[in-house]
Amino acid sequence: MRRCLPGLALALGLPMVVLAQPAAPESRPYFQQRTPSAEPLTLDMALALSAGHNASLAAAAKEVDALQGGVTQAGLLPNPDLSIRLEDTRRETRTTIAEFGIPVELGGKRTARITAAERARSVAQADLAVARANVRAATVAAFFNVLVAQENVRLTQGAVDVAARAVDVVGRRVAAGKVPPLEETRAQVERANADLALAEAKTALESARVSLGALWGAPPSDVSEVVGNLDALPERAAIQTLLAELDDAPELVVGRMEIQRREAVVQLERSRQYPDIRITAGTQRDYSLGRNQALIGVSIPLPLFNRNQGGLYEATVRADQAEDQLRATRIRLDEELRQAAARLAFAREAAATLRSSVLPGAQQAYGVATAGFEAGKFGFLDILDAQRTLFQARIRYLASLADTYQAAIAIDRILGR
């Protein structure tokens, strides 16, 4: 047996009252029956699939691996060189020179290069943490979008059933001469509108399934059913508590690490102001004199024109830019967090109000209108208005549920939960 959502069904007034004398409610499964081999998808399963097969996460992880190669490369010493020269081609006057040269880096270039590469790898690791938080939030959001869309399909299917029953009842009353034929036309129009709403709900459900499956590269057919509990409305701490956690938000961690990386780049560019020297040692064979001579030399570039002024200036400005970007990110996340917290509080209150007062009242009014219509006390327009009010309240309740989860997911994404 499939599990249903008792609290949600109670809030939505399900099973729905039909246009006949109410009988003992028959329990309905929340989901349609599926083949035994098709396992319903839970939130934990969806999170595991997206964490293991999301393409964006795989790309971010490979970026970390790639930058590990940059750290290795930064620590390597420059290669020595060997040169052999021949002066004059005649043996008796020929001179042969063989030299071995070693570049010597000055100004702490190698240390600065390693530090910059390590900081770049740290930024990539922080970016990977951000990507994981974003994928997790996207998975939770897409999962509950499917869950709400499934419930919406069930609601609209109920509306179709009620409209079909209305057409049948009104048709019999028209045939009996109790109501004018116009009532039957109105019932048929309402049935057509209900069919259109059901088709629209099914299209939205298919779109939600596509979005969820895309997070791990699955076709929509693999996301035919999800199971979860919409009754348990998410709750988060007060806004001041949430703001106190904002400094540890993954995006701000990335921003601080990016500042450190660019400061390391500044040190690297500063070290490049010092020219490197080249030490050579070798031997020279003078055939005209018949002897060998030792050669020792030092090559020192003269930084008369190029002292890496432009590179250092650019790196300094970019370091300042990273601080500005961090402040901008902090302001943006602060605003997003406050808005999400306000949305969550409003959506929870709206859902509670709809569940406790609006839905029961609309359900009661619909029941009274149904009984009155059956007794001939009310016209079809009265029951039609009551039916529309009830279904609008149910749809609004579902929208409030969706807003509640979306706001909570936004908070979790910002804080990296």
Side-chain angles (χ1 to χ4, degrees), residues 1-9 11-12 14 27-62 64 127-155 157 201-236 250 340 344 347 351 398-417:
M1 295 293 294
R2 296 293 182 196
R3 293 182 300 170
C4 63
L5 303 181
L8 181 60
L12 295 178
L14 296 171
S27 62
R28 297 176 55 191
Y30 178 70
F31 297 109
Q32 297 178 351
Q33 295 294 329
R34 304 177 64 201
T35 60
S37 59
E39 183 181 3
L41 185 69
T42 65
L43 179 57
D44 289 339
M45 293 167 60
L47 290 172
L49 287 170
S50 62
H53 302 284
N54 184 267
S56 298
L57 285 183
K62 285 183 174 61
V64 176
D127 283 334
L128 177 58
V130 172
R132 284 172 177 161
N134 290 339
V135 168
R136 179 180 176 83
T139 303
V140 176
F143 180 88
F144 280 102
N145 283 343
V146 175
L147 197 60
V148 171
Q150 287 179 166
E151 183 62 24
N152 191 32
V153 168
R154 190 166 72 92
L155 279 177
Q157 181 62 63
K202 289 181 177 179
T203 301
L205 175 57
E206 183 65 16
S207 177
R209 286 171 174 168
V210 170
S211 298
L212 179 59
L215 290 169
W216 57 84
S221 58
D222 289 352
V223 192
S224 56
E225 178 183 357
V226 302
V227 291
N229 185 9
L230 285 173
D231 288 325
L233 294 178
E235 186 176 4
R236 298 297 181 265
L344 177 60
L398 278 182
S400 296
L401 291 180
D403 288 343
T404 302
Y405 281 99
Q406 294 297 336
I409 291 165
I411 292 174
D412 294 340
R413 177 190 60 79
I414 293 170
L415 299 180
R417 293 177 173 176

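The analysis underlying the following values was restricted to heavy atoms, covering all of them including side chains, and did not include hydrogens, waters or symmetry mates. It should be emphasised that the depicted structure is a prediction, and the values quoted were computed from it without experimental measurement.
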Exercise for the section: Measure the spacing between CD of E235 and OG1 of T404 and express it to the nearest 0.5 Å. Expected result: 11.0 Å
Problem - From CG (L401) to CG (N152), nearest 0.5 Å - result: 11.5 Å
Completion exercise
Taking every heavy atom of L128 against every heavy atom of A60, the minimum-distance pair comes out as CD1-CB, 3.6 Å
Handout entry: Qualifying salt bridge (charged side-chain N to carboxylate O under 4.0 Å, His left out) pairs with a residue from residues 201-214, counting only residues at least two apart or across chains
Key = none
Handout entry: Shortest non-hydrogen contact between V146 and L205, atoms and distance
Key = O-CD1, 3.8 Å
Problem - Main-chain N/O of T203 paired with S207 side-chain donor or acceptor, under 3.5 Å - result: no
Practice task
Look at the side chain of N145 and the backbone N and O of A141, then say whether any donor-acceptor pair between them is shorter than 3.5 Å.
Solution key: yes
Problem - Where V226 and F143 come nearest, the two heavy atoms and their spacing - result: CB-CE1, 3.6 Å
Fill in the blank from the handout: CG (D403) and CG (L398) are apart, to the nearest 0.5 Å, by 11.0 Å
Problem - Atom pair CG/OG1 of D44 and T139 - distance to nearest 0.5 Å - result: 11.5 Å
Handout entry: Lys/Arg N to Asp/Glu carboxylate O, R136 vs D412, below 4.0 Å
Key = no
Fill in the blank from the handout: Nearest heavy-atom approach of L43 to F144 is CD2-CE1, 4.2 Å
Handout entry: Shortest non-hydrogen separation from S50 to W216 and the atoms involved
Key = N-CE3, 3.9 Å
Handout entry: Which atom of L41 lies closest to which atom of A46, heavy atoms considered
Key = CD1-N, 4.0 Å
Problem - Inter-residue atom distance R132.CZ - D127.CG, 0.5 Å rounding - result: 12.0 Å
